[in-house]
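Here the structure is laid out as structure tokens; the discussion comes afterwards.
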Amino acid sequence: MKSPTPALMLQGTSSNAGKSILTAAFCRILLQDGYRVAPFKAQNMALNSHVTADGLELGRAQAVQAAACRLDVDVRMNPVLLKPNSDTGSQVVVMGRPVGNMRVREYMAYKPVAFDAARAAYDSLAADVDVMVLEGAGSPAEVNLKAHDIVNMAMARHAEAKVLLVGDIDRGGVFASLVGTMELLDPWERDLVAGFVLNKFRGDATLLSPAYDVVTGRTGKPFLGVVPWLHDLGLPDEDSVSFRETLAGRAPDVPAGGGMLDIVLVDLPHISNFTDLDALRREPDVAVRVVRSPEQLGSPDAIILPGSKNTLGDLAALRSRGMAEALCALRSADGGHLGPVIVGICGGFQMMGRFLADPQGVESDHARTEAGLGLLPVTTEMGSAKVLRRTSAKTVSGWCGAGVAAGLMPGTGGGHGGAEVCPGEGYAVHGYEIHHGVTTPDAGGGAVLVCLHESDGSPAGWTTPDGQVWGTYLHGVFDADGFRRGWLDALRVRRGLEPVGRVVARYDLDPALDRLADVVREAVDMGHIYSVLGLSPKGRRQT
């Protein structure tokens, strides 16, 4: 029989230990050393997803890991995706297609089918490469879940993978977590563990030596590296926990004379695809922060309503917090000053309309229709068919997403060089759509204009005539460098600031992945890892 493809697996003592980022790091290191490498996660629970070129859905983290391998995104990299839509249930996506909404016990009964799909996907993908890098989920020592495991040790056993157990030292208690995890593993599971890696360390690593001796003495496993805390890495957060921690502590407002734009993201209980803001966070003149209550809003330049896996439920949450009323109050100018630009993406776009209808009970167990925020004269009807596709579009000539009110549209008398900020031919944008539902303008319900259109002329985004409110289904709309800078410059003009007039930040993950690989290569014992994998560096690092 053919020997299995060498495989390294990153598991953690907890969620948010940094497994996704370290998986990407080892993918890039192996690629640099001349290997054909691919990432894999059997089951991902995430509301941050991505669409492949052939219209299939998988976790966003695996898309970043694919970029680390310089591979096209392949649904085999994440064959099972769970998208929570309530506290006890999720939409289950298998090989890129939804198979239904299931509560916990329903999914437990379905897991053997899901595991069959995961193993088949792994075997197919592993046959195409020299080495696999797998990612686990949560902790392998959740004793109440181990009997149904398809993503941690059960998958490691199928792949015959060598496991690195990762602990987040920044949170404290990491040595007890490592020992406790090993104690709760079965003997065969302990045998798969090749060693420990400490992640997110700040300080002098030489002070950790006494703990190494104690933990290795109790477990028989070596420490293979200490990865430092990485500031401003420039890669998407692995989940909403780290995302919220990163942005929630920002100041409530940005001084008008400070030259910084204040962009607010409205937090939602079922927020999805929050990486839509990653490119904005790379801009030197932008501060992005998360708000949950009206008191935190301040006086931002722009407010973004993000995607949601439970649009109707999250709309109800906005109302209960008083956020819906506050957003509507900010719609119009106050005291002669321009109000903030309000942007809705996917579920946020649906919420901004007049009505949301769910006649088939797609998001709940019964049909219903709810009033939206009324910020755009459009209506959304949910449907059982899920739209999954990559999309390229262009902005309407001269439109910047804040242009009319700022005097930047042709013929509006703007004094800041509108042609420079908003090229007449329009900006090219690109991204992907993941949604249930179709949104259409209300007949006679008020003026609304197409602001983004696809190559065939079909609408990809809608705006109010004054440019203060717009929405689109296009995830990644801000990833396009030209449009992002044009939109930000239009916001600057609204604030009385000079537009920058040129792209100053390139949203490119590749340099960040190289930097990550360099730091991790320096921090871990790659010689030992290559040895346990039965591999050796091929000598010539690829660039």
Side-chain angles (χ1 to χ4, degrees), residues 4-10 19-44 46 48-81 93-97 117-136 151 155 159 161 233-236 238 273 275 278 388-390 392 430-432 434 475-476 479 507-518 520-521 529-530 533 535 537-538 540-543:
T5 301
L8 179 70
M9 188 172 198
L10 282 296
K19 300 182 293 294
S20 295
I21 291 296
L22 289 180
T23 298
F26 283 109
C27 283
R28 179 51 63 95
I29 289 170
L30 288 159
L31 176 77
Q32 289 173 338
D33 289 347
Y35 289 99
R36 295 177 304 155
V37 57
F40 180 85
K41 185 166 185 173
Q43 172 190 286
N44 198 349
N48 207 25
S49 58
H50 189 80
V51 175
T52 66
D54 50 353
L56 300 173
E57 186 178 8
L58 77 167
R60 169 74 171 170
Q62 280 63 64
V64 174
Q65 293 159 5
C69 301
R70 296 199 177 112
L71 293 176
D72 291 335
V73 182
D74 189 321
V75 75
R76 294 177 296 174
M77 297 170 181
N78 175 212
V80 182
L81 175 64
V93 179
V94 177
M95 293 304 292
R97 299 290 188 193
R119 287 182 292 215
Y122 179 86
D123 292 344
S124 173
L125 184 59
D128 292 342
V129 297
D130 301 321
V131 59
M132 294 288 290
V133 183
L134 293 80
E135 179 188 348
V151 65
M155 193 64 228
L233 182 56
L235 292 174
E238 59 183 307
N273 292 81
T275 49
D278 281 345
L388 293 165
R389 62 173 181 159
R390 302 286 285 272
S392 295
H430 52 82
Y432 51 95
I434 307 174
H475 291 294
D479 290 0
Y507 186 56
D508 184 357
L509 298 183
D510 211 56
L513 288 164
D514 279 335
R515 178 193 164 209
L516 170 67
D518 290 345
V520 173
R521 184 190 289 274
I529 291 170
Y530 273 120
L533 290 174
L535 300 173
K538 292 189 174 181
R540 180 179 62 84
R541 291 186 62 186
Q542 296 180 347
T543 59

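Starting from 1, each residue takes its place in the sequence as its number. The basis for the numbers below is simple: all heavy atoms, side chains too, and nothing from hydrogens, waters or symmetry mates.
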Heavy atoms only: give me the nearest Leu134-Ala7 pair and the separation to one decimal.
CD1-CB, 3.7 Å
Contacts of type salt bridge (Lys or Arg N to Asp or Glu O under 4.0 Å), residue Arg97, not counting sequence neighbours:
none
Smallest heavy-atom separation, Leu535 atom then Pro6 atom, equals CD2-CG, 4.0 Å
Check this for me: does any side-chain nitrogen of one of Asp128 and Arg76 sit under 4.0 Å from a carboxylate oxygen of the other?
yes
One should read off an interatomic distance between Asn78 CG and Arg60 CZ, to the nearest 0.5 angstrom, of 13.5 Å
Just do the side-chain contact (heavy atoms from CB on, under 4.5 Å) check on Leu56 and Val51 with the steps written out, would you?
CA-CA 5 Å; Leu56 300 173; Val51 175; over 6 Å; no
Does atom CG (Asp72) have a neighbourhood of more than 12 heavy atoms from anything else shown, all under 6.0 Å?
no
Examine distances only and state if a side-chain atom of Asn48 and a backbone atom of Asn273 form a donor-acceptor pair shorter than 3.5 Å.
yes
Which of Thr52, Asp74, Val80 passes side chain to side chain contact (heavy atoms under 4.5 Å, CB included) with Leu58? It is Thr52
Polar side chain donor-acceptor pair, Gln32 to Asp514, under 3.5 angstrom
yes
Do Arg70 and Asp510 have side chains that approach each other closer than 4.5 Å (heavy atoms only, starting at C-beta)?
yes
Rounded to the nearest 0.5 angstrom, the CG-CG distance for Leu516 and Asp518 is 9.0 Å
Any side-chain heavy-atom pair from Val37 and Phe26 closer than 4.5 angstrom?
no
Note, Met77 side chain near Leu71 side chain (heavy atom, < 4.5 Å):
yes
State, yes or no, whether a side-chain contact exists between Asp33 and Tyr530 at a heavy-atom distance under 4.5 Å.
yes
Ignoring hydrogens and angles, tell me if any N or O in the side chain of Ser124 forms a donor-acceptor pair with the backbone of Ala120 under 3.5 Å.
no
Heavy-atom pair of closest approach, residues Leu31 and Ala68
CD2-O, 3.4 Å
Rounded to the nearest 0.5 Å, what's the gap from OG1 on Thr5 to CG on Leu533? Could you check?
11.5 Å
Note: Ala46 and Leu81 closest approach over all heavy atoms is O-CD1, 3.9 Å
Report yes if the side chains of His50 and His475 come closer than 4.5 Å at any heavy-atom pair, otherwise no.
no
Is there side-chain contact between Leu10 and Val133, with heavy atoms separated by less than 4.5 Å?
yes
Scanning both residues in full, the closest heavy-atom pair of Arg390 with Ala53 reads NH1-N, 3.6 Å
Can you tell me how far CD of Glu57 sits from OG of Ser49, rounded to the nearest 0.5 angstrom?
4.0 Å
Apply side-chain contact (heavy atoms from CB on, under 4.5 Å) to residues Ile529 and Leu8 and explain how you reach the verdict.
CA-CA 8 Å; Ile529 291 170; Leu8 179 70; 4.2 Å; yes
Gln65: which of Glu135, Lys41, Arg28 passes side-chain hydrogen bond (donor to acceptor under 3.5 Å, both in side chains):
Glu135
Between Ile434 and Leu388, is there a side-chain heavy-atom distance shorter than 4.5 Å?
yes
For Phe40 against Pro79, the heavy-atom pair lying closest together
CE1-CD, 3.7 Å
Going by heavy atoms in the side chains, are Tyr122 and Met155 under 4.5 Å from each other?
yes
